[in-house]
Amino acid sequence: MVTKGIVWHQGIVARNEREALLGQTGVTIWLTGLSASGKSTLAFALERRLLSEGKACFTLDGDNVRHGLNRNLGFSSEDRSENIRRVAEVSRLMNEAGLIVIVALISPLRSDRAMAKEIIGVEHFREVYISTPLEACEARDPKGLYVRARAGELAEFTGISSPYEHPTSPELIINTLETCVDSALDQLCGVIMRK
Ligand code: ADP
């Protein structure tokens, strides 16, 4: 593969050797849903559970990556796309290293999630829809963002002034109004372990 005169240098350690070392398959579990739907809460709780079960994993949280890797990006559709592309590329690298990656990202558009799936690879990408309804997310409003969005202080806020396209065929749907964290984790672990 040659891109603009840059030639891919093939390594001599195969992905399956890294996975064998860790005793697991490097997959990405991609949590999509509205702000305050419960993505980060579930992602970090899942990370805790997987670690305690001896699994090597890492969470890429949307808000957290915007403090570093993606600090130069805003919330326009172009910037959201680039945000998702970078997170997907990092996930792919971590998966190749054998890690289980948990992504918690609103990722509102189907086209952007399709791009992530293509980057990560169909067989390694597991989409989970955190389907908590808008009214519940807005009632929770743990960071006060919905209040600010309704007041017109935050532009392009997903669910209020920017669209959210729910997945059409996710591997799992979790409505956190109906499912407690422990039960959600059981279901998420099932998706990760599926071959
Ligand atoms: P997001 O990452 O989707 O923006 P957060 O995880 O930051 O959402 O916020 C979700 C809020 O909902 C938290 O305050 C969390 O404590 C609360 N919550 C209540 N029940 C649940 C549940 N079953 N699963 C996940 N979060 C829940």
Side-chain angles (χ1 to χ4, degrees), residues 28-53 57-71 73-77 79-88 90-91 94 100-110 112-113 116-117 120 125-151 153-167 170-192:
T28 294
I29 188 137
W30 190 284
L31 310 182
T32 171
L34 295 171
S35 179
S37 59
K39 302 180 299 298
S40 302
T41 302
L42 293 176
F44 288 116
L46 179 61
E47 188 178 57
R48 182 76 265 160
R49 183 187 281 194
L50 289 170
L51 253 294
S52 70
E53 290 173 359
C57 59
F58 197 83
T59 295
L60 294 172
D61 180 83
D63 286 342
N64 291 0
V65 293
R66 281 180 180 276
H67 281 86
L69 178 68
N70 293 346
R71 69 188 315 157
L73 300 176
F75 291 89
S76 67
S77 54
D79 278 7
R80 283 178 192 259
S81 234
E82 176 61 9
N83 184 39
I84 289 162
R85 189 191 69 77
R86 290 185 199 173
V87 169
V90 173
S91 298
M94 288 184 165
I100 295 164
V101 177
I102 308 152
V103 172
L105 208 58
I106 297 173
S107 44
L109 300 185
R110 289 189 189 116
D112 286 336
R113 294 194 302 269
K117 185 175 185 172
I120 290 164
F125 180 88
R126 316 266 158 99
E127 187 176 52
V128 176
Y129 175 33
I130 309 301
S131 67
T132 316
L134 176 64
E135 310 76 65
C137 295
E138 195 165 354
R140 285 178 180 168
D141 205 8
K143 297 171 187 159
L145 299 177
Y146 283 95
V147 167
R148 291 178 60 200
R150 289 285 184 199
E153 291 172 21
L154 285 180
E156 300 182 283
F157 193 78
T158 304
I160 307 291
S161 47
S162 185
Y164 180 82
E165 300 171 349
H166 65 80
E171 309 242 351
L172 178 64
I173 301 175
I174 298 173
N175 176 346
T176 64
L177 274 187
E178 297 163 355
T179 311
C180 69
V181 172
D182 271 351
S183 162
L185 296 187
D186 291 341
Q187 295 179 46
L188 289 164
C189 285
V191 169
I192 289 170

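Both ligands and their constituent atoms are indexed starting at 1 by order of listing. Computation of the quantities below employed the complete heavy-atom set of this structure, encompassing side-chain atoms and omitting hydrogens, waters and symmetry-equivalent molecules.
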request  = Can you pull out the closest protein heavy atom to atom 3 (O) of ligand 1? Residue, atom name and distance to 0.1 Å, please.
outcome  = K39 NZ, 2.7 Å
note = If you scan protein heavy atoms around atom 16 (O) of ligand 1, the nearest is T41 OG1, 4.3 Å
ask   = Do the non-hydrogen side-chain atoms of M94 and T28 ever get within less than 4.5 Å of each other?
value = no
ask   = Any salt bridge between R49 and D186, counting N to O under 4.0 Å?
value = yes
key: Option of least heavy-atom distance to atom 10 (C) of ligand 1 (set: C137, S35, A139, A36)   = A36
inquiry  = Under 4.0 Å, heavy-atom basis, I'd like to know which part of D63 is in contact with ligand 1: side chain, backbone, both or neither.
reply    = neither
ask   = Mind checking whether D61 and F44 have side chains closer than 4.5 Å, heavy atoms only?
value = yes
query = Under 4.0 Å from ligand 1, counting heavy atoms only, is it the side chain of L177, its backbone, both or neither?
reply = neither
message = So if I count the atoms of ligand 1 from 1 in the order they appear, which ones are less than 4.0 Å from some heavy atom of L34?
response = 3 (O)
ask   = Among protein heavy atoms, which sits nearest to atom 23 (N) of ligand 1, and what does the distance come to when rounded to 0.1 Å?
value = T179 O, 2.9 Å
message = Evaluate G38 for polar contact with ligand 1, using N/O atom pairs at a separation under 3.5 Å.
response = yes
note = of all protein heavy atoms, closest to atom 14 (O) of ligand 1 is P142 CB, 4.0 Å
message = Against K39, only a single residue in T176, I106, T32, L34 fulfils side chain to side chain contact (heavy atoms under 4.5 Å, CB included); can you say which?
response = I106
ask   = About how many Å separate OG of S183 and CD1 of I174, when rounded to the nearest 0.5 Å?
value = 8.0 Å
ask   = For S37, is the nearest heavy atom under 4.0 Å from an atom of ligand 1?
value = yes
ask   = Given the side-chain rings of F157 and F75, with only the six-membered ring counted for Trp, is the space between their centroids under 6.0 Å?
value = no
inquiry  = Looking at R80 and E156, is there a salt bridge between them, counting it only when a charged N and a carboxylate O are closer than 4.0 Å?
reply    = no
ask   = Hey, are the side chains of R113 and I84 touching, using non-hydrogen atoms and a 4.5 Å cut-off?
value = no
Protein contact to atom 21 (C) of ligand 1 [nearest heavy atom, distance to 0.1 Å] = R140 NH2, 3.8 Å
task = Starting from atom 22 (C) of ligand 1, locate the nearest protein heavy atom and write down its residue, its atom name and how far away it is, to 0.1 Å.
result = T176 CB, 3.4 Å
